[in-house]
There are 2 protein chains.
Amino acid sequence: MERRATIKDVAEAAGVGVATVSRVLSGGSASPRTRERVLAVAAQLDYRPSALGRNLRQRRTGGMGLLVPDLTDTFYGQLAEGVLACARSAGEPVVLGSTGGDPEQEAELIGMLLEQSVDRLIAVPSGDAETWTPAFRAGMTVVFADHLPAQALPEDDPAASAANDLMLLDGLSPAAAPPSRSLDVPAVVADDRGGIRTAVRYLRGLGHKRIAFLGGPGQERRVAAFRAAVGPPVDEELVVFGTGSRDSAYAAASGLFQSRPDLTAVVAGGNVLGEAAVLAARELDLRVPRDVSLVMYDDVPWAELCAPPLTVIAQPGRDMGYRAAELVLRAGTRRPRSVVLPTELIVRGSCGPRR
Amino acid sequence: MERRATIKDVAEAAGVGVATVSRVLSGGSASPRTRERVLAVAAQLDYRPSALGRNLRQRRTGGMGLLVPDLTDTFYGQLAEGVLACARSAGEPVVLGSTGGDPEQEAELIGMLLEQSVDRLIAVPSGDAETWTPAFRAGMTVVFADHLPAQALPEDDPAASAANDLMLLDGLSPAAAPPSRSLDVPAVVADDRGGIRTAVRYLRGLGHKRIAFLGGPGQERRVAAFRAAVGPPVDEELVVFGTGSRDSAYAAASGLFQSRPDLTAVVAGGNVLGEAAVLAARELDLRVPRDVSLVMYDDVPWAELCAPPLTVIAQPGRDMGYRAAELVLRAGTRRPRSVVLPTELIVRGSCGPRR
DNA sequence: ATGAAAGCGCTAACAC
DNA sequence: GTGTTAGCGCTTTCAT
């Protein structure tokens with residue numbers, strides 16, 4: 001294989017200057033005659049402009065970065081597929097990173113992207129506002145997906161973060177919200193509030209009183225929505241969290257079922273948590289839905305394979321990714337605005353009347 | 001945010017030449033005194049070398065490309081996680097593309113990577129040898145994962161490809177294999193032959209005679225292994241294929257069950273096919289394992305959630321990705337050799353004695 | 001409409 | 001051991 005043709009080769013072969021070639025290929029002005037000749041020569045030499053040269057000149061890499069916590073979580077797989085679909089149709093590259101839900105790894109990956117001069121980023125954030133400062137300071141255009149970063153508020157007020165988050169995205173008075181960097185950052189999220197509320201009402205309608213929430217990292221809005229939907233008062237023992245890994249999700253679910261055998265329904269905040277709930281229930285000989293009803297956030301293909309098939313709150317993962325990619329690519333043209341996508345309660349077989 | 005510091009800034013501030021800075025930062029020779037000063041200044045200015053400049057100079061992008069058919073397929077998610085883990089520990093970026101199993105999209109993505117001067121690539125190939133010619137001609141280092149590209153043999157001999165593939169990777173005499181470009185390309189694959197053989201023997205041991213294979217694209221080696229394990233003679237009606245989408249997998253599974261109600265067991269060549277088999281069986285009121293036994297290739301978290309839990313042939317997706325990334329990064333140092341990773345039959349509840 | 005020329009930030013000769 | 005310099009391939013003034 002021999003050296004790839006450069007713009008200089010094309011210019012020489014076409015008997016024009018390099019600037020002309022550049023103009024023709026990027027749709028600038030040129031006489032029809034010249035244009036035609038350049039195009040012909042370029043095709044003949046199988047010329048492909050090198051992104052390297054262009055990027056250096058423009059001091060930025062095209063395309064976008066994508067940061068997700070874990071690609072074996074089907075929801076993030078769907079999200080990534082959406083991003084990739086949009087990027088592909090735009091011919092843009094996507095640099096991918098998996099953070100494992102760890103703010104430190106996230107920070108490192110942000111550093112790597114900065115080094116690559118990737119200045120557009122779609123992220124399902126794991127770290128808090130502080131983790132994201134370097135990205136903003138460097139002038140990155142970032143669009144968050146699924147949820148916003150935690151606000152890194154004083155430790156004595158863990159609930160404020162969620163409440164704040166909720167207000168912002170539910171469109172309450174901005175004046176009521178404290179000023180925050182996150183306010184400026186667009187995000188593509190699902191209507192968590194609506195989804196959770198619908199699920200809780202559905203369970204209530206079946207007679208359930210003691211409903212638990214099994215949450216994971218980054219689900220502040222969902223928890224807040226759950227609290228709002230069931231309470232007050234909220235039975236705090238019925239709100240438990242895993243750290244993101246399958247093991248910790250299982251531990252949380254198992255602990256919940258054992259410490260509160262009186263609960264009759266649980267809402268899992270994501271598919272990994274739902275999986276854990278099914279496993280833990282089976283291990284403890286709890287029958288779904290006879291002994292315990294289950295609603296899971298995320299519709300994933302295997303929800304239908306479960307026995308019984310799982311009732312879920314579906315969110316459009318692929319669309320979310322696609323929209324986020326659109327936003328990040330259009331940034332500069334129009335100021336990105338946050339997007340809230342609808343959720344849908346899909347009733348299958350994992351919920352029954354209170355026993 | 002202000003302009004990032006360049007190597008020149010560091011050089012000036014440290015009172016040395018740019019070359020010295022470059023040397024210090026890339027571990028070249030420098031006096032301890034100088035080294036220390038440069039490092040201090042660099043840290044002070046928060047200097048990060050721009051990959052753009054380095055890449056252009058070296059006429060290649062660092063890192064690697066990764067091409068998979070579909071990220072919502074959990075197996076590819078696992079594979080990608082492995083690749084990302086290795087890349088992260090090397091501090092290298094990964095440019096991701098999803099082909100949808102379509103050779104044309106694959107070709108386009110290869111073109112995009114070429115344009116980016118990405119010269120290392122890990123791919124679960126969808127196209128045949130011809131699709132891959134441009135990558136090889138451009139001098140890309142490619143490592144295939146999961147399987148090799150189809151050989152694009154004469155149309156009258158569809159089986160030869162599989163047979164050929166099989167020979168190569170099972171380590172049979174290279175002299176017996178036709179010369180082929182693919183021979184030179186390293187790959188990281190699972191021991192399909194062993195996995196399938198074990199599964200078939202297991203089913204045979206349960207008394208099953210009419211065992212079907214439900215395959216997908218790129219599973220030539222698995223089909224070949226299946227044929228070898230059950231036959232001859234092979235009941236060709238019991239070997240059916242989907243095209244890769246969930247819909248087509250379902251159609252194939254459903255068609256199989258309806259056209260051959262006498263079959264008593266099926267081996268699904270991948271998790272999407274397994275999912276389809278479970279769904280189709282349920283739709284047709286076939287009970288697993290009473291009416292039909294099922295073994296699925298791929299261990300995925302939801303296999304355990306199924307009712308009954310699925311007996312699977314586990315392959316180490318994450319390891320495969322990690323190993324592939326290692327190979328592609330070490331290329332140049334040592335000549336990459338193909339790797340075959342072991343599979344394991346995990347017996348759960350989806351197989352029973354022949355009814 | 002077109003060409004000449006100046007870099008973008010970096011590394012690798014090459015000279016000292 | 002260290003500085004100087006010449007580009008890598010491209011876009012973009014600035015003349016013409």
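By convention in this document, chain letters (A, B, ...) are assigned in the order of the sequence lines, proteins followed by strands, and residues within each chain are numbered from 1.
- Looking at A:H147, its side chain never comes within 3.5 Å of a backbone N or O of A:V189 through a donor-acceptor pair.
- Rounding to whole angstrom units, CD of residue B:E12 and C1' of C:dG9 are separated by 13 Å.
- A:D319 places no side-chain N or O within donor-acceptor distance of the main-chain N or O of A:Y322, the cut-off being under 3.5 Å.
- Among the protein residues, B:A30 comes within range of the sugar-phosphate backbone only, with heavy atoms under 4.0 Å from sugar or phosphate atoms but none that close to a base.
- The residue A:L52 sits apart from the nucleic acid: no heavy atom pair falls under 4.0 Å.
- What separates CD of A:Q116 from C1' of C:dC8 is a distance of 16 Å, to the nearest Å.
- Minimum interatomic distance between A:R120 and A:G63 (heavy atoms only, all atoms of both residues): CD-O, 3.3 Å.
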Can I get a per-line list of side-chain donor-acceptor pairs under 3.5 Å for residues 7-28 of chain A, giving both atom names and the distance, sequence neighbours left out?
unit_1 : atom_1 : unit_2 : atom_2 : d
A:D9   : OD2    : A:R3   : NH2    : 3.2
A:D9   : OD2    : A:T6   : N      : 2.8
A:S26  : OG     : A:S22  : O      : 2.6

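- The residue B:G15 sits close only to the backbone: its heavy atoms come under 4.0 Å of sugar-phosphate atoms, none of a base.
- In the region residues 55-63 of chain A, proximity to DNA chain C at under 4.0 angstrom, judged on heavy atoms, holds for A:L56, A:R57, A:R59.
- Separating the CD atom of A:E36 from the P atom of C:dT2 is a distance of 13 Å, rounded to the nearest angstrom.
- In this structure, A:R23 places its CZ atom 10 Å from P of C:dA1, rounding to the nearest Å.
- Taking atom CG on A:L114 and atom P on C:dG9, their separation rounds to 15 Å, with Å as the unit.
- Annotation: of the two residues near DNA chain D, B:V21 and A:I7, the 5′-most nearest-nucleotide partner is B:V21.
- Atom CZ in A:R337 sits 10.5 Å away from atom CG in A:L327 (nearest 0.5 Å).
- DNA chain C is contacted by both A:R35 and A:V18; A:R35 maps to the nucleotide lying nearer its 5′ end (nearest heavy atom per residue).
- In this structure, the nucleotide among C:dA1, C:dA13, C:dG3 sitting nearest to the side chain of A:A19 is C:dG3.
- B:R59 is linked by a salt bridge (charged side-chain N to carboxylate O under 4.0 Å, His left out) to nothing, counting only residues two or more places apart in sequence or in another chain.
- Base engagement by A:G53 is indicated by at least one non-hydrogen atom pair under 4.0 Å involving a base atom.
- Minimum interatomic distance between A:P149 and A:G127 (heavy atoms only, all atoms of both residues): CB-O, 3.5 Å.
- Between the two ends of the helix from C:dA1-D:dT16 to C:dC16-D:dG1, each summarised by a five-pair axis, the helix axis turns through 40° (rounded to 10 degrees).
- Residue pairs meeting the side-chain hydrogen bond (donor to acceptor under 3.5 Å, both in side chains) criterion with at least one partner in residues 78-97 of chain B, sequence neighbours excluded, are A:S98-B:E81, A:Q105-B:R88.
- Rounded to whole Å, the distance from CG on B:D9 to P on C:dC8 is 11 Å.
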* Show your working on side chain to side chain contact (heavy atoms under 4.5 Å, CB included) between A:L329 and A:C86 and close with a plain yes or no. => CA-CA 9 Å; A:L329 285 179; A:C86 181; 4.2 Å; yes
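- Here B:S26 lies out of heavy-atom contact (under 4.0 Å) with every strand.
- Listed for the B:R4 side chain is a donor-acceptor partner under 3.5 Å among the backbone atoms of A:L114.
- Protein chain A contacts DNA chain D from D:dG9 to D:dT13, reading 5' to 3' and using non-hydrogen atoms of the protein with a distance under 4.0 Å.
- Side chain of A:S338 to backbone of A:A187: a donor-acceptor contact under 3.5 angstrom is found.
- Contact annotation: B:S22 side-chain N/O to C:dC10 OP1/OP2 distance is not under 4.0 Å.
- Listed for the B:R323 side chain is no donor-acceptor partner under 3.5 Å among the backbone atoms of B:L341.
- Whole-Å rounding puts the B:R4 CZ to C:dG9 C1' distance at 10 Å.
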